Amino acid sequence: MAYLENDIIKLRALEPEDMDFLYRWENDSDLWRYGSTLAPYSRFSIREYLADSRLDIFQTRQLRLIVVSKDENQPIGTIDLYDFDPINSRAGIGILIDSQYRKRGFGIAALDLIKNYAFHFLMMKQLFAYVPEKNIPSVKLFKNCGYETTGHLRSWIKNGDTFEDVFFMQLIR
């Protein structure tokens, strides 16, 4: 079974050549409200991050993979497992698909691959995601991939002068 590849995409480890993609995605301030980014990342800090990415998920408690379109052999996004908890067999999941590649099935394919990797290779019990209620495309993506909304976190993330609600979504094996 190929855990990290299907007909349209592959998930691969970070490479030094990914610097420009990561720099652009991490510094897209329109996306900051969906994560915990407070300021831009420098090329130096991304270079350091790439150097540290050789450590495994059991050491760092996180794993970031690049989503690559097989047709174009082009990085089109990232998918992350974070807050990896091997004792309780769970991890958070985050995904970013570049805006020019959205609504083409890449997000569903990436979530399916990482699910198979997490459940059948890492032998995890569950994946979870914090999805802003107003991020309708992400809510639909996770629901389409079998995630259930199991919590509603009120005023969870700040967006300018207001706070937004977040859904806590889980996929349990």
Side-chain angles (χ1 to χ4, degrees), residues 3-12 14 18 20-41 46 61-72 74-85 90-119 122 124-173:
Y3 291 108
L4 299 176
E5 189 170 341
N6 63 24
D7 292 340
I8 63 169
I9 64 165
K10 64 181 174 182
L11 305 180
R12 65 159 173 79
L14 297 171
D18 297 324
D20 291 335
F21 295 107
L22 292 173
Y23 183 81
R24 188 176 83 231
W25 294 329
E26 293 293 348
N27 288 305
D28 183 346
S29 59
D30 289 337
L31 301 173
W32 290 356
R33 66 188 175 122
Y34 299 123
S36 57
T37 303
L38 301 174
Y41 284 92
I46 292 174
R61 301 290 190 241
Q62 67 179 22
L63 173 67
R64 173 172 281 186
L65 299 170
I66 296 292
V67 181
V68 177
S69 164
K70 288 176 85 175
D71 281 348
E72 300 175 32
Q74 174 79 16
I76 60 169
T78 63
I79 192 160
D80 299 85
L81 294 178
Y82 65 91
D83 290 345
F84 175 63
D85 181 346
R90 66 177 173 242
I93 188 163
I95 184 170
L96 172 123
I97 300 296
D98 190 278
S99 59
Q100 67 185 11
Y101 293 96
R102 292 182 189 149
K103 297 184 181 181
R104 293 171 48 185
F106 294 121
I108 289 171
L111 283 174
D112 186 57
L113 285 176
I114 203 74
K115 172 192 75 173
N116 288 332
Y117 174 75
F119 288 175
L122 295 176
M124 297 174 66
K125 175 71 174 169
Q126 69 175 290
L127 297 171
F128 62 87
Y130 295 94
V131 183
E133 181 180 44
K134 291 183 179 179
N135 189 344
I136 303 301
S138 286
V139 172
K140 287 181 180 178
L141 171 65
F142 280 94
K143 284 185 177 183
N144 286 339
C145 290
Y147 285 72
E148 293 182 39
T149 301
T150 58
H152 192 160
L153 306 169
R154 304 263 182 223
S155 298
W156 195 253
I157 52 175
K158 189 172 184 178
N159 183 11
D161 293 335
T162 63
F163 285 84
E164 294 182 17
D165 292 358
V166 167
F167 292 129
F168 183 73
M169 303 181 81
Q170 291 176 284
L171 181 65
I172 299 174
R173 179 173 62 144

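Nothing fancy with the numbering, it's 1 onward along the sequence. If you're wondering where the values come from, they're calculated on a predicted model, not measured in any experiment.
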Enquirer: State whether the side chain of Asn159 and the backbone N or O of Thr162 hold a donor-acceptor pair below 3.5 Å, judged by distance alone.
Expert: no
Enquirer: Does some side-chain heavy atom of Ile95 sit less than 4.5 Å from a side-chain heavy atom of Leu141?
Expert: yes
Enquirer: I need the minimum non-hydrogen distance between Tyr82 and Ile93, along with the two atoms involved.
Expert: CE2-N, 3.3 Å
Enquirer: Are Thr150 and Phe128 close enough that some pair of their side-chain heavy atoms sits under 4.5 Å apart?
Expert: no
Enquirer: Got a second to check how far Leu65's CG is from Ile79's CD1, nearest 0.5 Å?
Expert: 7.5 Å
Enquirer: Partners of Lys10 by salt bridge (Lys or Arg N to Asp or Glu O under 4.0 Å), sequence neighbours excluded?
Expert: none
Enquirer: Nearest 0.5 Å, what's the CG-CD1 distance between Asn144 and Ile108?
Expert: 5.0 Å
Enquirer: For the ring pair His152 and Phe168, is the centre-to-centre distance below 6.0 Å?
Expert: no
Enquirer: Tell me every residue that passes side chain to side chain contact (heavy atoms under 4.5 Å, CB included) with Ser69, counting only those two or more places apart in sequence or in another chain.
Expert: Asp71, Glu72, Ile76, Phe106
Enquirer: Kindly give the heavy-atom pair with the smallest separation between Ala110 and Val67, and that separation in Å.
Expert: CB-CG2, 4.1 Å
Enquirer: Looking only at non-hydrogen atoms, find the nearest pair between Phe119 and Met124 and report the distance.
Expert: CD2-O, 3.4 Å
Enquirer: Does Glu148 have any side-chain hydrogen bond (donor to acceptor under 3.5 Å, both in side chains) partners at least two apart in sequence or in another chain, and if so, which?
Expert: none
Enquirer: Going by the rule side chain to side chain contact (heavy atoms under 4.5 Å, CB included), which residues pair with Lys143 if we only count those two or more places apart in sequence or in a different chain?
Expert: Val139, Thr149, Met169
Enquirer: Work out which heavy atom in Ile66 is nearest to a heavy atom in Pro75; give both atom names and the distance.
Expert: CG2-CB, 3.7 Å
Enquirer: Let me confirm one number: the CG-CZ distance from Leu153 to Phe163, rounded to the nearest 0.5 Å.
Expert: 13.5 Å
Enquirer: Where do Leu81 and Leu127 land on the side chain to side chain contact (heavy atoms under 4.5 Å, CB included) test, with the steps shown first?
Expert: CA-CA 9 Å; Leu81 294 178; Leu127 297 171; 3.8 Å; yes
Enquirer: To the nearest 0.5 Å, what is the distance between NZ (Lys103) and CD1 (Ile97)?
Expert: 14.0 Å
Enquirer: Could you measure the distance from the CZ atom of Arg154 to the CD atom of Glu133? Nearest 0.5 Å is fine.
Expert: 7.5 Å
Enquirer: Which residues satisfy the salt bridge (Lys or Arg N to Asp or Glu O under 4.0 Å) test with Lys70, sequence neighbours excluded?
Expert: Glu5
Enquirer: Are the side chains of Tyr117 and Leu11 in touch, meaning some heavy atoms are under 4.5 Å apart?
Expert: no
Enquirer: Between the main-chain N or O of Ala91 and the side-chain N or O of Asp83, is there a donor-acceptor pair closer than 3.5 Å?
Expert: no
Enquirer: Minimum heavy-atom separation for Ser155 and Asp165, please, with both atom names.
Expert: N-OD1, 2.8 Å
Enquirer: Using the test side-chain hydrogen bond (donor to acceptor under 3.5 Å, both in side chains), find all partners of Gln74 that sit at least two apart in sequence or belong to another chain.
Expert: none
Enquirer: State the CD1-CG distance between Ile114 and Leu63, to the nearest 0.5 angstrom.
Expert: 6.0 Å
Enquirer: Shortest non-hydrogen contact from Ser138 to Val131?
Expert: CB-CG1, 3.7 Å
